[in-house]
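Below you'll find the structure, written out as structure tokens, and then a few comments.
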Amino acid sequence: MKINQNEAEEALETINLTIKKTRRAIAQNGTYIFLIITGAVWMVGFMANQFLQGDILQYIWIGLSLIGSALSVLIGSQMVQQVRGELTKIYGRRVGLFWFLLVLFGIAVIIVAQPANGKQITLMIVLLVMLGQMAMSLLFSFSSTWWSVPMAVLSLMGYYLFPEYFYLWMSILVGGGMVAFGVYIRTRW
Amino acid sequence: MTNLELNEVIHQPVRLQIMAALTSMEPGNEVNFTYLQDVLNLTSGNLGAHLRKLEESGYVNTNKTFIDRKPCTFISASEAGREAFKEHVAALEYILNSKEG
């Protein structure tokens, strides 16, 4: 079998594109659903923080967290496993352990730092979530790393530049940004 | 003089994509047939036909199973398939880098 250099180059390009596409598809499989759910919860919750006051906020956040968790568990359990193998199982367990430990570290940081108000607690939680997302992206799919960095920067900008509208900023830009990115992954990626 | 040879079974464009996708996964991992079909943007008939050819050559393994009582097929690259694909890529690189063209 004989082929020329152009054909060899085309074949190698096809191989590289397919490898890239497959790895990205596997790494992003189902991610969009959780991005949309988390983004929607944050949109509604932070919007409530901006415009409401008092005990009702607690109930709104508890309700939203329960709905978000229930939806995530329900959808996650119904998703067909697309790639399976021993290593995938091990990675899955490690990812779960990582997020569990990050939550514990987050609680410890908040207890030690004793943030002065809800805005500081919000910013700490958001920064920790973005740190976790960035770590996962760097380990499993480098191409999706970029979005957590601008989200973290936007959150910091909102906190320092527009403290009066911080929650509105978080609702529209961060929560809305997650929903938009989830929709983008589903439809365009 | 080189012993690097192109593999005619693998070089076919669709099979080249299938082998690239399967070998990009960790050894021991297998992918759902319908998911592979979506990723490679192929019809089930087309993917099935090319997978049969690759299976006949011993390059892929298929594992038919049931998930929630629904039939499900998982595909993986065999060790021979990984080796053949690696040699095919080496042959392509050799052609690309050779001076004769």
Side-chain angles (χ1 to χ4, degrees), chain A residues 1-33 73-95 136 138-144 184-189, chain B residues 4-42 61 63 65-77 85-86 88-101:
Chain A
M1 186 181 184
K2 292 260 178 205
I3 61 168
N4 62 33
Q5 281 182 319
N6 284 343
E7 288 167 316
E9 192 175 7
E10 276 172 26
L12 285 167
E13 204 173 314
T14 302
I15 290 168
N16 287 333
L17 281 174
T18 308
I19 289 173
K20 207 172 153 188
K21 193 173 152 188
T22 308
R23 287 188 175 155
R24 193 165 61 183
I26 290 170
Q28 291 295 343
N29 177 37
T31 303
Y32 72 94
I33 296 171
V73 170
L74 188 75
I75 294 168
S77 64
Q78 289 190 339
M79 274 170 61
V80 178
Q81 195 180 16
Q82 308 294 9
V83 177
R84 62 181 198 175
E86 269 312 302
L87 275 173
T88 311
K89 271 188 209 162
I90 293 168
Y91 289 153
R93 277 188 226 123
R94 286 182 186 173
V95 169
M136 292 295 97
L138 283 168
L139 284 173
F140 297 109
S141 166
F142 191 74
S143 57
S144 64
Y184 173 75
I185 289 177
R186 179 68 187 97
T187 55
R188 306 273 167 156
W189 205 314
Chain B
L4 292 172
E5 295 225 351
L6 290 171
N7 185 314
E8 290 194 37
V9 174
I10 292 177
H11 192 67
Q12 197 281 338
V14 175
R15 292 197 285 270
L16 191 71
Q17 285 187 64
I18 294 171
M19 287 306 293
L22 295 178
T23 55
S24 72
M25 297 189 305
E26 300 280 355
N29 276 3
E30 47 185 15
V31 64
N32 192 328
F33 179 95
T34 49
Y35 191 62
L36 186 63
Q37 187 191 323
D38 281 351
V39 171
L40 299 180
N41 204 17
L42 299 169
N61 297 320
N63 178 11
T65 183
F66 285 87
I67 294 178
D68 294 332
R69 280 179 273 176
K70 287 177 197 155
C72 208
T73 303
F74 282 89
I75 322 289
S76 61
F85 185 72
K86 210 165 114 184
H88 184 72
V89 171
L92 288 171
E93 282 168 348
Y94 177 79
I95 293 166
L96 184 64
N97 296 324
S98 63
K99 284 180 181 164
E100 302 89 52

### Task
Indicate yes or no: at least one non-hydrogen side-chain atom of B:Glu8 is less than 4.5 angstrom from one of B:Leu6.
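The answer is no; the side chains never approach within 4.5 Å.
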#### Entry: Flag side-chain contact, heavy atom, 4.5 Å: A:Thr18 against B:Leu16
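No, side chains not in contact.
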### Query
What option among B:Thr34, B:Leu40, B:Val31 has the most heavy-atom pairs under 4.5 Å with chain A?
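Among B:Thr34, B:Leu40, B:Val31, the one with the most close pairs to chain A is B:Val31.
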### Query
Top residue by heavy-atom pair count (under 4.5 Å) with chain A, among B:Gln17, B:Glu93, B:Met25?
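Among B:Gln17, B:Glu93, B:Met25, the one with the most close pairs to chain A is B:Gln17.
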### Task
Could you list all the ring-ring contact (aromatic ring centres under 6.0 Å, His included) pairs where at least one residue sits in residues 13-34 of chain B, not counting sequence neighbours?
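Every candidate ring-ring contact (aromatic ring centres under 6.0 Å, His included) pair involving residues 13-34 of chain B fails, so no pair, neighbours aside, qualifies.
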### Message
B:Glu30: which residues meet the side-chain hydrogen bond (donor to acceptor under 3.5 Å, both in side chains) condition with it, sequence neighbours left out?
### Response
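Listed in chain order: A:Arg84, B:Asn63.
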### Task
Under 4.5 Å heavy-atom distance to chain A, tell me which part of B:Met19 shows up: side chain, backbone, both or neither.
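No part of it gets close to chain A.
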